[in-house]
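It should be emphasised that the depicted structure is a prediction, and the values quoted were computed from it without experimental measurement.
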Amino acid sequence: MDSSRDRLFRLPFLRPEFLNNANVRTAGVYLAGALFALGVFFFVDAATYSKSARNGSDVHIRFVDWIPSICSFLGMLVINSIDKARLSGDSYSYNGNGVAWKARLVLFFGFAMMAGGLAGAVTVMVLKYVVPDYGFPVLWFGVANVVANTLIMISSAVLWVAQNVEDDYQYNLAL
C-alpha cells in the first residue's frame, strides 16, 4: 500500500515514531479528559458564582449562556463518533456507497457546531457583559464561557487525534 494515498491530509509531513506508542495514546486520552473537565469546571464555577450571595449584581448566567456550551458539547460528541478509517474512502472496508463523503460531511457538521459554540460564547460575552461595561467579577461569566468552549474544542481535537493514532496492537478482524 502506498502510504501517501492512505493519509487523510496529503501533505508531506512525517509523523514521529513515538506517536505510535500505546502510552502516548493513553496520555492523549487523559489529556483530553483533563481539558474537558477543566472547561466544564470554569463554566460551572461561573454559573454557581452568578447565583451565589457573593455576586453583588443583578446579572446572572441564564439559558442563553448555556447554549454555546451545549453546541460545543454536541459537536464534540459528533466529531469523536467518526472513525478516521471512514474518512479515507476504502471501498473494501465498509458497505454502501459514499461512506467517506458522508463521514466527512458529519465531521464538518461537528466542527461547525463547535465553531458555532465558540463564536456564540464570544458573542454572548460581548453583547451581555462587554457592551454594558460591567466590571470584572461580572465580566468573568462571559470570559469563563469563552474559556470553557475553547477548552472543549481543544479537548475534542486532542481526543480525536489520540483515538485515531495507529498503534502496534491494533487488530483487523475482517474476513
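Across all their heavy atoms, Trp160 and Ile79 have their closest contact at CD1-O, 3.3 Å. Counting all heavy atoms, side chain and backbone alike, Ser72 lies closest to Gly117 at OG-CA, 3.7 Å. When every heavy atom of Val124 is checked against every heavy atom of Pro68, the shortest pair comes out as CG2-CG, 4.5 Å. The shortest non-hydrogen separation linking Ala32 to Ser155 is O-CB, 3.2 Å.
Two residues are said to be in side-chain contact when any heavy atoms from C-beta on lie closer than 4.5 Å; Asp65 and His60 fail this criterion. No side-chain heavy atom of Cys71 sits under 4.5 Å from any side-chain heavy atom of Met114. Between Asp45 and Trp140, some side-chain heavy-atom pair lies under the 4.5 Å cut-off. For the pair Ser50/Val59, no side-chain contact is recorded, criterion being any heavy-atom separation below 4.5 Å from C-beta on. Met76 is listed as a side-chain neighbour of Asn80, based on a closest heavy-atom distance under 4.5 Å. Side-chain atoms of Tyr49 and Phe141, non-hydrogen and from C-beta on, do get closer than 4.5 Å to each other. The shortest distance between side-chain heavy atoms of Leu74 and Val78 does not fall below 4.5 Å.
By the rule that hydrophobic residues join a cluster once side-chain heavy atoms approach within less than 4.5 Å of another member, Phe111 and Phe109 end up as members of separate clusters. Grouping the Ile, Leu, Val, Met, Phe, Trp and Tyr side chains by contacts below 4.5 angstrom, directly or via other members, places Phe108 apart from Ile82. Under the 4.5 Å side-chain heavy-atom criterion for grouping Ile, Leu, Val, Met, Phe, Trp and Tyr, Trp101 is not connected to Leu107 through any hydrophobic cluster. If you chain together hydrophobic residues whose side chains sit under 4.5 Å apart, Leu127 and Val147 never meet in one group.
The CG atom of Leu118 sits 9.5 Å away from atom CG of Asn145, with the distance rounded to the nearest 0.5 Å. We find the OH-CG distance between Tyr30 and Leu159 to be 12.5 Å, quoted to the nearest 0.5 Å. Expressed to the nearest 0.5 Å, how far CE of Met125 lies from CG of Asn149 amounts to 11.5 Å. Atom CG in Leu139 sits 11.0 Å away from atom OH in Tyr134 (nearest 0.5 Å). Rounding to the nearest 0.5 angstrom, the gap separating the CD1 atom in Ile152 from the CG atom in Leu38 is 10.5 Å. In this structure, CE in Met153 is found 13.5 Å from CG in Leu35, a value given to the nearest 0.5 Å.
The aromatic rings of Phe36 and Phe73 sit tilted relative to each other, their planes meeting at an angle between 30° and 60°.
Separation of the Phe43 and Trp66 ring centroids falls under the 6.0 Å cut-off.
Under a cut-off of 6.0 angstrom, the local environment of CZ in Phe136 is crowded, with over 12 non-hydrogen atoms contributed by other residues, nucleotides or ligands.
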